[in-house]
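Below is one structure; the comments refer to it alone.
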Amino acid sequence: MQALQSHIVLKGTIFFLFILCVSATPKPKNHPRDLSALLAFKSHVTSDPHNILTTTWNPNTSFCTWTGVYCSRRRPRVTALQLESYSLAGTIAPEIGNLSFLALLDLSENAFTGHIPNSLGSLRRLKLLALLNNTLDGPIPESIFNMSSLESVLLYRNSLSGEIPAVRLPRLRALALFYNRLDGPIPPTIFNIPTLEKLSLAGNSLTGEIPPIHLPRLNFLDLSNNQLSGEIPGGLGDSVSLTVVNLYENRLTGPIPSSIGNLSQLSVLDLSYNNLTGDVIPASLGRLSSLHTLILRQNDFRPGPMPRAILNMSSLVVIDLTWLRISGSFPTDFGLHFPFLEEIHIPENGFTGPIPSSLSNASNLMVLEISGNMFTGSVPAPIGELPLLQKLNLADNQLGGGLGFLSSLLNSNNFEEILLSGNSFNGPLPDLHLNNISTSLQLMLASSCSITGSISMFSNLSNMIHLDLSYNELTGTIPLEFKNLEKIQELHLTGNRLEGSIPQEIFQSMTNLGILFLDQNMLSGPIPSHVGNLTSLQTISFAENALSSTIPSGVWGLKQLISLDFSQNFLEGYLSEEVGNLNFLTVMDLSSNRLSGFLPITLGHLQMLVNLNLQNNSFSGPIPQSISGLISLSLLDLSSNSLSGKIPNSLANLQDLTFLNLSFNRLEGEVPNGGAFANLTVQSLIGNLALCGATKQGLPTCKASDTKTSRTRPIMLKYVLPFLLFGLAVFVIVFYVLLNKKCKRRGHNLIDRLPSLVHQRFVSERELVRATDNFNEANILGVGSFGSVYKGRLEDGMIVAIKVLKLGSSEQASKRFEKECEVMRNVRHRNLVKIISSCSTENFKALILQYMPNKSLDKWLHSSQDHMLSILERVCIASDVALALEYLHHGCSRPVVHSDVKPSNILLDEDMVAHLGDFGISKLLCKENKSATPTSTLGTLGYVAPEYGLSGKSSIRGDIYSFGILLLETFTRTKPTDVMFSGGSSMRQWVEDSFPGEY
């Protein structure tokens, strides 16, 4: 974080002073107390990849010569321990508290785990405590905040939890606790430390109101991304030294205090994503002459016109007023007031009238985003003359008058993105062949703009990544020169009047293409065989054209394919058995063609398939029994074919199947009962003359001989069933129904809330960068050995979790990514975290996952009273996890071992339904050995079964052991790693001792 750079200078200054104090000649004798403490520290380090401690920490030499150890000038006493960025792992030894002369402790950028030792509170001379960027957990020891000498406390980017203790540090200058798991209120004592200059508590779960602020020296305040409520304290304006105020992503209410106008040195003010009311920009803010960043997006300010007070902020560089219900015309002289302005963001408001030409006076402008308003008229030509403009977003307005304003942009070396969709420009685009823009332009979205002419002018955009010209009036053929679009990832040409054949050559070089839409045109001829070269392709649609011939065999080798739509063409031939290779496929629509032959049994391999539409073809033969293996299937349409034989009874077992159409075939026999057949109408079965079944479906009753076997029951069953067992079963059923009534009510609409896979799309790295604000630290949800997980908002508004894998070598990254994707694509269950999409390039790999707003079970078990779970909620969560494990162990084609079942991997959606996460880092069990498998995925201490640790193999039994520990922790709110379980004791033994005679 840029605002904390001065802390780095502070650390460096303190470190330099200690270097000056180091004795030039090492003392001949080590102080025994310090030596013992250092050796204890070394013994707690379990990994030293750079051999720092192994090679230099020799007890036979003076510890003043050891790497990272610095001593005082007069005596051999340790005054500084500086071991940052050495990748050390292990725990922090409590004996470090015996270094009584220690003034600087810096263990940042390592992999230390466990709790911060309470003994650090004994270091009465300590001035700098830096433990940032580790994996420390547990509470912050209260003793630390009673050390009167401390000036800087840097504990950010760990997993610290619990409430922040009361702070009593009279000399404290910097306190950074951001990106932990802290909760509860902010201690008021923090805001009474007169020396405090920098305070960052962002990215936690802090609640309550912001206490009154009395910090005359405070220049940096970041409380963003918490759950703070109430109004912004009016006393904030008394901290006249403030330069940065970040309060975004909280639940703050009330107006912006007028006292903020007193902060004459303020340069950054970000209040976005709150519930603030009152005026958008109070008149007092017009006094902020030093302000260069103003971000107020998505609040509940009073609707009205753009306040004139903003025109007084002449130093502004960034203005973001997104989604604030500002209406009326945009100030005509706006561009004349901001000589330094670089970014304007005012989308999703109610601005009307023309775009002011004065914007061309803001010569430093790089981003102009005014989409989602009601601007009218033509775009002023001078807008295109802005020399530094990189992104222009005019989408979803009422603009017209042609696209002549783009002509002046054609010589720009900087222009990268243009968004024009949803306007009525009416006319052709200028020629993009021979200008500088042909090498700089990367994204162009111009759908539904009434653009005319051909698309030949786009064939030389060598750096284009995303091109969308759908739903326009483009004519002509697809030019052969499209082969020059070597970097293209998304190409949308839907809903135009393109004709002719698709050139073979264009698919030879588009190896990065992930989304291809050529549907709703007048294209003819065969599908090019070179389509098999598009190995990154995830979505392809050639629907509603006049394509003929057979489906190329290369299509079945596109193993990343998620959606395939070749419907409403004239395709012929058979459906290849190689269709079973498309393991990621969720949508396949081949309807309204001329395909024939038997349906391949390999269709049953597509376990992620949600939508299968083969209607209106000439398929014959039976419906394959293997279709019953499509456990995710929601829509199945086989109507208007020549299928024969009986309907497989196993189709009734597809629990997610909500639409089924088998009409107009040659099917016979009894229609199955239950499942999707329970509410099936006559329209879904009409046209099959030999079917029989329920009269409500308009079918004749089956003959007695047809159903005799199914009605027969073993007569002796009623004599074998004991009366006691019957009574017990009735009791269990009644108890289960009553206890789980809330669970069922809570999750009965779960399927409707899942991310739609029918419209799943490719997500590019560029979109992920925008969704996470360039992977801003404020959007981090968690950090682990695999990488980081970010919260992001995609272009369609969907909020997702983006799991970015940590890259080692390219080969290692690919293997890790393929391993996770293999498991993800083969498992799908309502209680597993859903994968929405993925993004894979040479140097970047990420999974886009379902976002869980209620975070993890660990938070609800071990945080403040605001997150208490009732007994019934705990039972429901345990049931959800059990269902997920049962599916992983017994519902997949090969059993999947999770290997790390623990509360932090149990994520909760908005209805508190539990979803098991991080199962993708597990390994599939070998077919030859379904009981155990070696794994490099280490479980978490306390949850690992003893045999796992001894054998180095994970197993289903190991998962069950971990689930048992999870149940004990869920109902006792006690962690298996609690300090009470030491000296050979364990949680299991503790529970047994609590119920003597019950085991």
Side-chain angles (χ1 to χ4, degrees), residues 7 11 37-38 40-47 68 78 80-100 102-169 172 174-184 187 189-190 199-201 203-206 783 858 862-863 904 940-942 975 977-982:
H7 276 294
K11 274 176 52 177
L38 291 174
F41 175 83
K42 179 181 178 180
S43 68
H44 280 70
V45 174
T46 58
S47 177
V78 178
L81 186 58
Q82 179 105 4
L83 291 170
E84 65 173 318
S85 302
Y86 284 127
S87 301
L88 300 175
T91 58
I92 300 175
E95 289 83 355
I96 204 170
N98 295 331
L99 298 174
S100 55
L102 197 67
L104 183 150
L105 177 59
D106 189 351
L107 304 179
S108 57
E109 304 284 352
N110 284 291
F112 286 105
T113 59
H115 292 11
I116 299 174
N118 193 57
S119 60
L120 293 186
S122 303
L123 301 174
R124 298 303 178 186
R125 292 179 172 87
L126 196 65
K127 294 183 178 181
L128 172 65
L129 175 61
L131 304 178
L132 56 108
N133 277 349
N134 281 281
T135 318
L136 300 169
D137 57 19
I140 300 174
E142 292 186 18
S143 60
I144 289 178
F145 287 152
N146 290 320
M147 300 163 62
S148 59
S149 60
L150 264 179
E151 296 179 3
S152 295
V153 179
L154 310 178
L155 305 179
Y156 55 88
R157 290 206 186 106
N158 282 284
S159 298
L160 302 174
S161 58
E163 296 187 5
I164 303 174
V167 182
R168 297 178 178 86
L169 302 174
L172 187 66
L175 178 61
L177 305 177
F178 56 89
Y179 298 125
N180 280 285
R181 299 176 181 175
L182 302 170
D183 53 28
T189 53
I190 291 180
L199 174 63
S200 179
L201 307 177
N204 286 286
S205 299
L206 301 175
V783 178
D858 185 77
H862 305 297
S863 60
S904 61
T940 302
L941 184 66
K975 289 188 175 183
T977 56
D978 194 280
V979 292
M980 64 186 292
F981 303 129
S982 58

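Quick note: residue numbers are just sequence positions, from 1.
Relative ring orientation between F112 and F41 is described as tilted, the plane-to-plane angle lying within the 30° to 60° band.
When all heavy atoms of N110 and L88 are compared, the pair lying nearest together is OD1-N, 2.8 Å. Considering every non-hydrogen atom in both R125 and S100, the closest pair reads NH1-O, 3.0 Å. Between S108 and D106, the shortest heavy-atom distance links the atoms OG-OD1, 2.7 Å. Between L150 and K127, the shortest heavy-atom distance links the atoms CD2-O, 3.6 Å. Of all non-hydrogen atoms in S143 and N118, the two that sit nearest each other are OG-O, 2.9 Å. The two residues Q82 and L104 have their closest heavy-atom pair at OE1-CD2, 3.0 Å.
With hydrogens and angles disregarded, a donor-acceptor distance shorter than 3.5 Å links the side chain of S149 to the backbone of L126. Between the side chain of T189 and the main chain of V167, a donor-acceptor pair closer than 3.5 Å is present.
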Next item on the list: Go through the steps for L177 and I140 under the test side chain to side chain contact (heavy atoms under 4.5 Å, CB included), then give the verdict.
Entry: CA-CA 10 Å; L177 305 177; I140 300 174; 4.1 Å; yes

Notebook entry, point to check: L175 and F145: side chain to side chain contact (heavy atoms under 4.5 Å, CB included), yes or no, with the steps?
Noted result: CA-CA 11 Å; L175 178 61; F145 287 152; 4.1 Å; yes

Next item on the list: Evaluate the criterion side chain to side chain contact (heavy atoms under 4.5 Å, CB included) for residue pair L172 and V153; output intermediate values, then yes/no.
Entry: CA-CA 8 Å; L172 187 66; V153 179; 4.0 Å; yes

Next item on the list: Output, in order, the C-alpha distance, side-chain angles, deciding distance and verdict of side chain to side chain contact (heavy atoms under 4.5 Å, CB included) for D137 and H115.
Entry: CA-CA 5 Å; D137 57 19; H115 292 11; 3.0 Å; yes

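Remark: aromatic rings of F178 and Y156 are close, center separation under 6.0 Å.
Here the OG atom belonging to S161 is positioned 7.5 Å from the CG atom belonging to D183, to the nearest 0.5 angstrom. With rounding to the nearest 0.5 angstrom, the OG atom of S122 is 10.5 Å from the CD1 atom of I144. Note that CG of L81 and CG of L107 are 5.5 Å apart. Values are rounded to the nearest 0.5 Å. Atom OG1 of T113 and atom NE2 of H44 lie 10.5 Å apart (nearest 0.5 Å).
No option in N134, L182, N133 other than N134 meets the side-chain contact (heavy atoms from CB on, under 4.5 Å) test with N158.
Under the side-chain contact (heavy atoms from CB on, under 4.5 Å) criterion, T46 pairs with A89, sequence neighbours left out.
Annotation: side chain of I116 is in contact with side chain of L155 (closest heavy-atom distance under 4.5 Å). By the 4.5 Å heavy-atom criterion applied to side chains, E84 and L132 are not counted as neighbours. Contact of the M147 side chain with the L129 side chain is not registered, since no non-hydrogen atoms from C-beta on lie closer than 4.5 Å.
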Give every donor-acceptor pair under 3.5 Å between a side-chain atom in residues 91-99 and any protein atom, sequence neighbours left out.
residue, atom, partner, partner atom, Å
N98, OD1, R33, NH2, 3.4

